[in-house]
Number of protein chains: 4
Amino acid sequence: MTASADKINYSKAKSDKYHRILEAAIKVFAEQGFFHSTVSQIAKEAGVADGTIYLYFKNKDDILLQFFNYKTKQVFSQFREAVNRADNAKDKLRNLIRCHLREFQRDRNMAVVFQAEARQGRQFEKYIKELSKMYLDLIGEVVEMGQEEGAMRKELYLSLVKRFILGAVDEVINTWVSAGGSYDLVSMADPLVELFLRGIGSNGSRTV
Amino acid sequence: MTASADKINYSKAKSDKYHRILEAAIKVFAEQGFFHSTVSQIAKEAGVADGTIYLYFKNKDDILLQFFNYKTKQVFSQFREAVNRADNAKDKLRNLIRCHLREFQRDRNMAVVFQAEARQGRQFEKYIKELSKMYLDLIGEVVEMGQEEGAMRKELYLSLVKRFILGAVDEVINTWVSAGGSYDLVSMADPLVELFLRGIGSNGSRTV
Amino acid sequence: MTASADKINYSKAKSDKYHRILEAAIKVFAEQGFFHSTVSQIAKEAGVADGTIYLYFKNKDDILLQFFNYKTKQVFSQFREAVNRADNAKDKLRNLIRCHLREFQRDRNMAVVFQAEARQGRQFEKYIKELSKMYLDLIGEVVEMGQEEGAMRKELYLSLVKRFILGAVDEVINTWVSAGGSYDLVSMADPLVELFLRGIGSNGSRTV
Amino acid sequence: MTASADKINYSKAKSDKYHRILEAAIKVFAEQGFFHSTVSQIAKEAGVADGTIYLYFKNKDDILLQFFNYKTKQVFSQFREAVNRADNAKDKLRNLIRCHLREFQRDRNMAVVFQAEARQGRQFEKYIKELSKMYLDLIGEVVEMGQEEGAMRKELYLSLVKRFILGAVDEVINTWVSAGGSYDLVSMADPLVELFLRGIGSNGSRTV
DNA sequence: CATGAATGAGGTTTCATTCAT
DNA sequence: GATGAATGAAACCTCATTCAT
C-alpha cells in the first residue's frame, strides 16, 4: 500500500505550488544540507503549510528525487543543444563546458545541491549514476568525434578521459560554490578546455 | 579552540579504544552514510558501550572531525614523502597521484567517507577546505617546480591547474568507489598523469 | 438534541447521496475498521468529493452514529415483525433469531461493523446500549410470554436469560463473520433455539 | 531491517518497567480505547519518558500484542487448572465459568480491553482467533466428556455448543463491564451454568 | 574507566475538517 | 449544492546524549 503516484498530483502541468515548493526546498537544501533541512523549513520558505508538501511529494526524499529529475532533464537538454550548436569536436567540447558552467552559475542553489548531495549514495545513488552516465556519454561522443576528425589523439583511454573531464569541471564548480559564487565561473571554461586539449606539459614533451 | 579538551582524552597517545571507535565509525559511515549512522551502531561495531564513545569524542560530529584530522595527517605525510622521493616535477606528480590512489585503494572505507562526506559543507566545511588547500598547495609546488624546470608550460593559470588535477583524480576515485572497488585503482595513475601532461589534443594542436 | 441540525440536511427524506455515503462508509469500515478508515476513502467509494461528506454528516464519528441509527431502526422493525408473525413464544423466539441471522447474513458489511465497532465503548456507548436494550427487551417480552404459556420455566432469572440468548446469537454471528461468511448462517437458527430451550444437559437432569 | 526482537528487552525476566508500562497501557486502553490512547498518556501513567516505551515495545501495536500474550497465558493456565480440579463434566464446566468470571472481575481493565479490543480484527485478528480457539477447545473437551459420562446429550452439534457457551459468558461479562463493574460477576456463574444445562424450556419440552 | 537504561527534544507524516471557487 | 486543495494539530517514533551504578 504505497501511497504514491495515484495520490500525488504529478500531472496538472506541474502546478504553481509544485514548483514553489521545489525551489524552496532546493534553497533550503543548499543552505542547510538535505539532512539538516526540515520539512517545516521548506514549507515556510515556500509559504505553504507543512501538510501541503505531501500533496505534491511522497516524502522528504521524494523532493530531492523530483529535483534531480526535473533539473536534470532541463539542464541536459541544454547540454545537448550546446553540443549540437557546434560542428567540430573542439568547439562542441568548449560549448558543453561553457554551458555547464553557465547553467550552474545561473542557479547557484541548484549547483550547491547537485555538488553536495549527489555524492551521498544510498537512496539517490541510482539517480546520480544515471545522471553521471548521461554526461559521460555526451563527453564520450564528442571525444570520439574529435578522434575521427583528427583533432584528438587516437590512443586515448576513453573511459578515463571522460572521468578526467567531468572531474575537473566538477571541481572547478565546487571551488566556485565554496567561494560563495563570488567570481565569474564561465570565464573558467576556455582555460579549462585548453588544459584538456593541451595538458600542462611543455610542447612536444614525452611523458612516459 | 575546541571547548572540550578538559573532558576528553585527546592526550594519552590515542588509546587503543580511541582508534577502535574511530575505525568502527568509519566503517559504519562508509556503509550507511554519516547521517544514517547511529552512535549505537558505531558502539556495537567497536565493541564498546554507547556511553564510552563520549569518553573519547565530544559528540557524533566530533567523530567525523577527528577522522578528518587523523587520517588527513597520516595520509598527508605520505603524500609529502611521495613527492619528496622524486627529483623532478613530472615524477613528483606521478608519485603523488600513485600514492593518492594507492592509499585510497588500501582503505576503501576511508575513501568512501572522504569522497562522500567531504562534500557536505556545513559543519565540516572548515576542515575540508583546509584539507583541500593542503593538497592543492602540494600540487602547486610541483607545478611551479615543473615550470622552472621547463617541463611544464609557463603560461599556466596555476589555481585552475590545481583544481583541474585534484578534480580529475577525485572523480577517478569516485568512479572506483561507485563500482565497489572492483578493479585496480593504482593502474589509473600513469594514464592519468599522461592526460595531465599532454592533454587530449593531437600533437601541436592550436587550441584557441 | 444533536447540535447540528441547522447545518446538516437531515430532513429532505434522506437524499440519494446521504445513503450512498452511508453505504460506502459501512463498506470501508467493514474492510478497514473505523479508525483505519479515512474520510477520503469513504468519499472515493461513494463517488463524491471529500467535502461533500460534511454536507450530510457532522464529522467522521457522526457517520457511524447515523449508521447505528439508520440500520438499527430498519433492522428492528424487521425483528418486531418477525416476532409478531408467530403466535406462541417458542415460534416467536425462533422467528426472531432466524430473522436476526438472515438480516446479518444479507448485509455482511453491516454485520461486520455491528459486531466490531459496537464493542468500542466511548463515543458510541450510548447508542449501543440503547440498541442492546431494545433487543433485550424484545427477548424479554417473548420469554415472559413463554412463561405465561407454560412453555418456559417460571423460575428463570430473566435479565440473565436475555443476555444468555443475545450473547450466544452474537457469538454465532461473530464466528461466521470471522470465517468470511463462508457458510449458511441462517441454518444455525434452529439448532440454536433448541439449545436455548433444552440446554445441553441430558433429559431430566438435575443440575444444582 | 525490522528493528524488533534483537533490540528489545524481552528477556530480563520481564523487568520491573516492562510490567509497569504494560499495566499502565492496559489502564489507559481501558479508559480511552486503543486508538484514542496515545503513547504519551501511557508513558505518563507509567511514570516513564515516552522514549522508554520503545525500549520495551516495538511500537504501540506491540503493547497490545504483548498484553494479549502475557495475560492470555496467565489466565489460560488458570482456566485449565479450574477444569482439572473437578472430576465430572458438569463441575468442570461450572469451575471453568466461575474461574473465567472471577479472573475478569479481579482485573477489570483487562476485562475491558479483552472485551473491547478483541473484536477489532485487523492487526490483532490472528491473536484473538488463537485465543478464542483455546477457549473453545477447552469447552469442547468438557462437553465431550459430559457426553461420555451421560451427563450431556449425545446428539449435540458440538461446534455450535461451544460458541453458544462462549457467547453467553462473553455477553454476561460485557454487560457487567458496561455497568461499570457495579455488581458481583461471579454470582452469575451458577445460574448461567444451569441455563446451559437445562435451557429455558419447561421440563420435557419437545422443541422441534 | 566503562556501562547501557533512560531521557525527551524534535522530526516526519497523516488526515479530519474548512472554505474559496 | 459540490468540490478538492489547503491546512495544521497532533501522533508516533528515533536517537544523541547523560548519569547513576
Side-chain angles (χ1 to χ4, degrees), chain A residues 3 7-9 12 15-18 21 35-44 46-63, chain B residues 7 9 12 15-17 35-44 47-63, chain C residues 7 9 12 15 17 35-44 47-63, chain D residues 3 7-9 12 15-18 35-44 46-63:
Chain A
K7 286 184 63 182
I8 294 175
N9 183 359
K12 293 242 339 184
S15 83
D16 176 40
K17 242 159 215 169
Y18 174 86
I21 293 170
F35 285 100
H36 281 131
S37 302
T38 71
V39 171
S40 279
Q41 286 174 320
I42 296 169
K44 186 186 255 189
V48 299
D50 292 20
T52 304
I53 305 254
Y54 292 87
L55 297 176
Y56 296 90
F57 300 89
K58 209 173 7 164
N59 51 41
K60 193 184 159 193
D61 280 14
D62 192 40
I63 303 177
Chain B
K7 290 181 60 183
N9 181 359
K12 286 231 1 172
S15 86
D16 174 43
K17 249 166 206 169
F35 284 98
H36 282 131
S37 302
T38 70
V39 172
S40 273
Q41 286 174 320
I42 296 168
K44 185 186 250 186
V48 300
D50 293 18
T52 303
I53 302 233
Y54 291 86
L55 298 175
Y56 296 89
F57 299 89
K58 204 175 12 159
N59 52 38
K60 191 184 163 193
D61 280 15
D62 192 41
I63 304 177
Chain C
K7 291 180 59 181
N9 182 0
K12 289 235 355 178
S15 85
K17 250 165 204 170
F35 283 100
H36 283 130
S37 302
T38 71
V39 172
S40 275
Q41 286 174 319
I42 297 168
K44 186 188 248 189
V48 300
D50 292 20
T52 304
I53 303 235
Y54 292 85
L55 298 175
Y56 296 91
F57 300 89
K58 205 175 12 161
N59 52 39
K60 191 185 163 193
D61 280 15
D62 192 40
I63 304 177
Chain D
K7 287 183 62 179
I8 293 175
N9 183 0
K12 293 233 352 175
S15 82
D16 176 39
K17 244 161 212 169
Y18 175 85
F35 285 100
H36 280 132
S37 302
T38 71
V39 171
S40 278
Q41 286 174 321
I42 296 168
K44 185 187 258 189
V48 300
D50 291 21
T52 303
I53 305 255
Y54 293 88
L55 297 176
Y56 296 90
F57 300 89
K58 209 178 2 168
N59 51 39
K60 192 185 161 193
D61 279 15
D62 192 41
I63 303 177

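Here is the naming used below: chain letters follow the sequence lines, and residue numbers restart at 1 for every chain. What you see is a predicted model, and the numbers here were worked out from it, not measured in a lab.
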The side chain of [X] lies closest to which of these nucleotides: [options]?
{"X": "D:N59", "options": "F:dT7, F:dC13, E:dC1", "answer": "F:dC13"}
{"X": "D:Y54", "options": "E:dC15, F:dT14, F:dA2", "answer": "F:dT14"}
{"X": "B:A49", "options": "F:dT7, E:dA16, E:dT3", "answer": "E:dT3"}
{"X": "B:D50", "options": "E:dG4, F:dA11, F:dC15", "answer": "E:dG4"}
{"X": "C:V48", "options": "F:dC12, F:dA6, F:dT3", "answer": "F:dT3"}
{"X": "B:K60", "options": "E:dT17, F:dA16, E:dC15", "answer": "F:dA16"}
{"X": "C:L55", "options": "E:dA6, F:dG1, F:dA5", "answer": "F:dG1"}

Distance in Å, B:K17 NZ paired with B:I53 CD1, rounded so as to fall on 0.5 Å steps: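 Rounded to the nearest 0.5 Å, the NZ-CD1 separation comes to 11.0 Å.
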Distance, nearest 0.5 Å, that separates CD1 of D:I42 from CD1 of D:I63: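 Going from the CD1 atom of D:I42 to the CD1 atom of D:I63 covers 4.0 Å.
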Rounded to the nearest Å, what distance is computed from the [atom1] atom of residue [X] to the [atom2] atom of nucleotide [N]?
{"X": "A:H36", "N": "E:dT12", "atom1": "NE2", "atom2": "C1'", "result": "16 Å"}
{"X": "C:F35", "N": "F:dC12", "atom1": "CZ", "atom2": "P", "result": "12 Å"}
{"X": "B:Q41", "N": "E:dG4", "atom1": "CD", "atom2": "P", "result": "17 Å"}
{"X": "B:I42", "N": "F:dC15", "atom1": "CD1", "atom2": "C1'", "result": "12 Å"}
{"X": "D:I63", "N": "F:dC12", "atom1": "CD1", "atom2": "P", "result": "9 Å"}
{"X": "A:I53", "N": "E:dC15", "atom1": "CD1", "atom2": "P", "result": "18 Å"}
{"X": "A:I21", "N": "F:dA5", "atom1": "CD1", "atom2": "P", "result": "13 Å"}
{"X": "B:Y56", "N": "F:dA16", "atom1": "OH", "atom2": "P", "result": "20 Å"}

Heavy-atom nearest pair, A:Y54 first then A:N59, reads CE2-CA, 3.8 Å
Which atom of B:Q41 lies closest to which atom of B:H36, heavy atoms considered: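 Closest heavy-atom pair between B:Q41 and B:H36: OE1-O, 3.7 Å.
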Tell me which of D:G47 and C:G51 sits closer to the 5' end of DNA chain E, going by the nucleotide each one is nearest to.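 Its nucleotide being nearer the 5' end, the pick is D:G47.
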Using a cut-off of less than 4.0 Å, is there contact between a side-chain N or O of D:K17 and OP1 or OP2 of E:dA6?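 Looking at the OP1 and OP2 atoms of E:dA6, one of them is under 4.0 Å from a side-chain N or O of D:K17.
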Mind checking what makes side chain to side chain donor-acceptor pair (under 3.5 Å) contact with B:T38, not counting sequence neighbours?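 Side chain to side chain donor-acceptor pair (under 3.5 Å) list for B:T38, sorted by chain: empty.
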Looking at every strand, decide which applies to C:T52 at a 4.0 Å heavy-atom threshold: base, sugar-phosphate, or nothing.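 Base, at least one base atom sits under 4.0 Å.
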5'-most contact on DNA chain F: B:V39 or D:T38, nearest heavy atom basis?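 Looking at DNA chain F, the more 5' nearest nucleotide goes with D:T38.
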Write out the stems for DNA chain E, ordered by first number and formatted as range with range, counting runs of at least 3 consecutive Watson-Crick or G-U wobble pairs under 3.5 Å.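 So far as stems of 3 or more pairs are concerned, DNA chain E shows E:2-21 with F:2-21.
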